[in-house]
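Input: a single structure, listed below in structure tokens.
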Amino acid sequence: MSYLQELNPVQRKAVEAVNGPVMIVAGAGSGKTRVLTYRVAHLISSRVPPYDILALTFTNKAANEMRERIAHLVGGQARDIWMGTFHSTFARILRREAETIGYTRTFTIYDSEDSLNVIRQCMADLGLSLQQYKPHAFRALISKAKNNLVHPDEYQRTASDYISEKVGQVFEQYVRRMRLNNSMDFDDLLIKPIELFEKKKSVLEKYKYRFKFVLIDEFQDTNRAQYVVTKMLTERYKNICVVGDDAQSIYAFRGADIRNILDFAKDYPECATFRLEQNYRSTKSILHAAGRLIEHNNHQIPKALWTENAQGDPITVVSCADDRDEGLQVVRNVKEEIQRRKLALRDFAVLYRTNAQSRAIEDEFRREGIPYVIVGGVRFYERKEIKDVLAYLRLLTNERDDESFRRVINYPSRGLGGVSLDHLQEYAASHTISLAEAAGDYGKIAGLTDRARVAISGFIQFIEKYRLLAEKMSMSELARSLVDELGILRSYKEEGTPEAMARWENVQELLSAISEFSDTREDASMAQFLEEVSLISDVDSWEGTKNAVTLMTLHSSKGLEFPVVFITGLEENLLPFSSGTLEQSELEEERRLFYVGITRAQQKLYLLHTRTRYRFGDLSFPVVSQFVSELGDEACEMRSSQSLTRASAFSKGLQGAAVHRARKSPKHRADESAYHRDEMPDYESESQLEMEIKRGTIVIHETFGRGKVLDVSGRGESQKASVQFDEFGVKNLVLKFARLRPGS
């Protein structure tokens, strides 16, 4: 056990506390993964059989990293540990036990797009307009209910308004249809084990006895269902070890309940608590600012992070003219930091609150020819051509998968129109059978044309042929043969466009992935492959090895670290994000999200905000985020970008002449003292009101400088002008807020 010497005193105590409930409060950069992996290694070294250990994480990336580290410490025994994400682990259990709750072992796992399609179908069946009611909103409410273990009948019984009643009806229909499809969504992978354990106590007893030690990573991100199912599994031995940081709880919108970690000591009064407070990642400056920020949250477990790292540079707060200038400042500072610190592009990350913010930043990277990668874009397995092939493979595995059936029944085109598919669907609904079963009865379905019957017959024969071949061919041979017979690759080649060739390459890559899976896994099956690809997250697909700047949302950055980090959009209503009034709990979560972003930085942190920003198609004038002042003045250095300084200086020089002209007006002489008190008149000032703004007018803007009016539209308070500025291009401005001055 010499590896224990590598731990600091608190880490070692946390590793050696083997029996009973344990809570490890792991501050950012405090060596959480090391403590988890060493704890598992210590259990195995203490003669605990590896197959008695269950370790649950939130990403495959974290699970794989932990397994590799454990294998380095204890060797091949690491293979026998039950380790993986919550979803993959319970999917594994459900594969073994699904028949107990009315599913087959080949059930399909629906991704978010698939489940949304089912929601739409349920709404259509109930006569609900997809224009009046938003399927995304219905799905979110249903997901929230499921994660809180609320069943459809209870949801309908407690519905308090018309919308809730409709959601309850869709919820009931959705659950029924998913069972008919022999399919589960991501939420089901967490709540179906609870249903399984409650229905058959012998199954619960088997797994309670099997998992003598349970470890849970990122416990602050668990929801009600995850809390309940793990509590059920640990009732026998109570050897549960949870690791997390309440200051990094940022997934309430997914159902995460911070109370799980805040109240753990109440739920397990006998638990031992260890606080990991030494940070190994960041400089003193960065850590001090993060600590000052999070102090403003009321609901938290007290901790005081410290580090032996260098003091480091202060945090640089950059005020930018607009979002394009913000992107420009990121690019300039990336170049400067590369020279200054001798870093590679992979050492930089740009973080933002919403995906839409990446556009202006990407534009600047492209202009400068700087490579970048985006985490959280369209994932490989969500691309259309990939989902088309996967739908065929899913249908071979699970013939009751209606969503896959709908996707491929007319792909490639078999000449089946919408009317024929409607007849097929009506027959399936009236007989309470799957679409594939209904297709098998094509001769009995009224309304089908002879051409439609031939097309459906050919499709059924094709599927049956490959279902039989699946018993004789390897996975890779089956997939290759199926794709070849469908002519998918041939059609992309014949089309010959760059987009078609990119899709051709993607399908080839999918076939390679299936071959690799088949060659590297013992007893590999298509069901296992389909399960694995359905559970891949954004971060799982990020390697970090490509020499490129990483762009991602703050949520996606959790668990990662970079020498230099830029956080953009430090503005009210963006970070913290809000479309209305923020509740205190919501504000605290936004603060935790910013805290996560800050603590990704190892050496240097830049925070950027803009004076103007286009949001939802309109120009806004944002206020700098309250979070910036909460960092403490001593931790930050303030800068204005050269573009902002130049534009302001240019406009102020010409504004002096405008003010002088305005003062000559008798109406303004009485207000002369007001100009002495404030160099900039109110934006409703006479200089704008008396100036006729029309096409061709030369104007001055406080930020953008000199420009020429191209067009004016609207009336009154909603009147807008399109202005071509000398330095900043065309801007569309609401005149009420534009602060325009006469120019020359």
Side-chain angles (χ1 to χ4, degrees), residues 54 56 58 82 84-112 114-115 118-119 122 138-159 167-211 214 216 222-236 240 254-257 260 267 398 400-403 432 434 527 531 534-535:
L54 171 64
L56 297 168
F58 274 83
W82 272 61
T85 65
F86 274 91
H87 292 91
S88 64
T89 298
F90 289 111
R92 184 178 174 185
I93 291 175
L94 287 168
R95 290 285 179 209
R96 298 182 175 190
E97 315 289 348
E99 292 171 0
T100 302
I101 53 174
Y103 290 80
T104 74
R105 295 186 178 188
T106 58
F107 65 83
T108 302
I109 299 173
Y110 279 2
D111 63 17
S112 55
D114 298 324
S115 64
V118 178
I119 294 286
C122 294
F138 273 51
R139 185 184 64 176
L141 291 169
I142 290 171
S143 176
K144 182 178 180 180
K146 291 170 77 172
N147 284 313
N148 285 325
L149 303 181
V150 176
H151 296 284
D153 55 347
E154 181 183 352
Y155 195 98
Q156 293 183 75
R157 189 172 61 252
T158 58
V167 172
Q169 293 171 12
V170 173
F171 189 3
E172 182 179 34
Q173 188 91 331
Y174 177 76
V175 170
R176 184 191 64 78
R177 187 178 286 273
M178 290 292 286
R179 185 177 292 275
L180 180 65
N181 289 0
N182 191 36
S183 300
M184 299 186 193
D185 61 21
F186 292 153
D187 298 326
D188 289 327
L189 297 180
L190 301 178
I191 65 174
K192 292 299 180 184
I194 297 174
E195 179 184 332
L196 168 68
F197 294 154
E198 288 177 341
K199 185 171 183 177
K200 196 160 186 179
K201 296 298 182 183
S202 60
V203 175
L204 174 59
E205 289 300 320
K206 177 173 69 173
Y207 288 101
K208 281 167 61 174
Y209 180 79
R210 171 70 183 271
F211 301 130
V214 177
I216 306 174
T222 54
N223 59 30
R224 178 66 181 166
Q226 289 163 323
Y227 176 83
V228 168
V229 73
T230 51
K231 191 169 186 180
M232 294 173 82
L233 287 174
T234 56
E235 281 175 346
R236 183 183 184 95
I240 178 172
R254 292 182 185 169
D257 192 342
N260 290 348
D267 296 336
N398 174 18
R400 286 161 52 188
D401 184 350
D402 280 3
E403 286 310 304
T432 318
S434 69
E531 177 182 308
S534 70
L535 298 177

Any side-chain heavy-atom pair of [X] and [Y] under 4.5 Å:
| X | Y | value |
| --- | --- | --- |
| I142 | Y155 | no |
| I240 | I216 | yes |
| M178 | V118 | yes |
| K146 | D185 | yes |
| F197 | L233 | yes |
| T222 | F86 | yes |
| M184 | Y110 | no |
| F171 | C122 | no |

What closest approach, in Å, do [X] and [Y] show between heavy atoms, and which atom pair accounts for it?
| X | Y | result |
| --- | --- | --- |
| T104 | A98 | O-CB, 3.7 Å |
| R96 | R105 | O-NH2, 3.2 Å |
| P193 | D188 | CD-O, 3.7 Å |
| Q226 | F58 | NE2-CE2, 3.7 Å |
| N223 | G255 | CB-O, 3.1 Å |

Kindly compute the distance separating CD (E531) from OG1 (T108), expressed to the nearest 0.5 Å.
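The distance works out to 11.0 Å.
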Applying the side chain to side chain contact (heavy atoms under 4.5 Å, CB included) criterion to L196, which one of I191, L204, I93 satisfies it?
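When side chain to side chain contact (heavy atoms under 4.5 Å, CB included) is applied between L196 and each of I191, L204, I93, only I93 qualifies.
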Should the ring pair W82 and Y207 be called parallel, tilted or perpendicular, given that the plane angle runs from 0 to 90° and is split at 30 and 60?
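Aromatic pair W82/Y207 classed perpendicular.
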Which of parallel (below 30°), tilted (30 to 60°) and perpendicular (above 60°) describes H87 and F186?
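Aromatic pair H87/F186 classed perpendicular.
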Can you establish whether the number of heavy atoms outside K144 located under 6.0 Å from its atom NZ is more than 12?
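No, the 6.0 Å shell around NZ holds no more than 12 heavy atoms from other groups.
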Before you tell me yes or no, could you show the steps for E195 and K200 under side chain to side chain contact (heavy atoms under 4.5 Å, CB included), namely the whole-Å CA-CA distance, both residues' side-chain angles and the distance that decides it to 0.1 Å?
CA-CA 9 Å; E195 179 184 332; K200 196 160 186 179; over 6 Å; no
May I ask you to check whether [X] and [Y] show a side-chain donor-acceptor distance below 3.5 Å?
| X | Y | value |
| --- | --- | --- |
| D401 | N181 | no |
| D402 | S434 | no |
| Q156 | Q169 | no |
| T106 | N398 | no |

Just jot down the side chain to side chain contact (heavy atoms under 4.5 Å, CB included) partners of D257, sequence neighbours excluded, or say none.
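With sequence neighbours excluded, D257 shows a side chain to side chain contact (heavy atoms under 4.5 Å, CB included) to R259, N260, given in chain and number order.
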Treating [X] as the side-chain partner and [Y] as the backbone partner, does any N or O pair qualify as donor plus acceptor under 3.5 Å?
| X | Y | result |
| --- | --- | --- |
| R177 | E172 | no |
| D114 | D111 | yes |
| R95 | F107 | yes |
| T158 | E154 | yes |
| N148 | V150 | no |
| K199 | T100 | yes |
| R139 | S112 | yes |

Flag the pair E97 and R92 as a salt bridge only when some basic side-chain nitrogen lies within less than 4.0 angstrom of an acidic carboxylate oxygen.
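Looking at E97 and R92, the cut-off is not met.
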Ion pair check, D267 and K231, cut-off under 4.0 Å:
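K231 and D267: not salt-bridged.
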Apply side chain to side chain contact (heavy atoms under 4.5 Å, CB included) to the pair V229 and L190, showing each step before the final yes or no.
CA-CA 8 Å; V229 73; L190 301 178; 6.0 Å; no
Show, in sequence, the C-alpha distance, side-chain angles and deciding distance for R236 and F211, and conclude whether the side chain to side chain contact (heavy atoms under 4.5 Å, CB included) test is met.
CA-CA 9 Å; R236 183 183 184 95; F211 301 130; over 6 Å; no
N147 and R224: CA distance, side-chain angles, deciding distance, side chain to side chain contact (heavy atoms under 4.5 Å, CB included) verdict:
CA-CA 6 Å; N147 284 313; R224 178 66 181 166; 5.9 Å; no
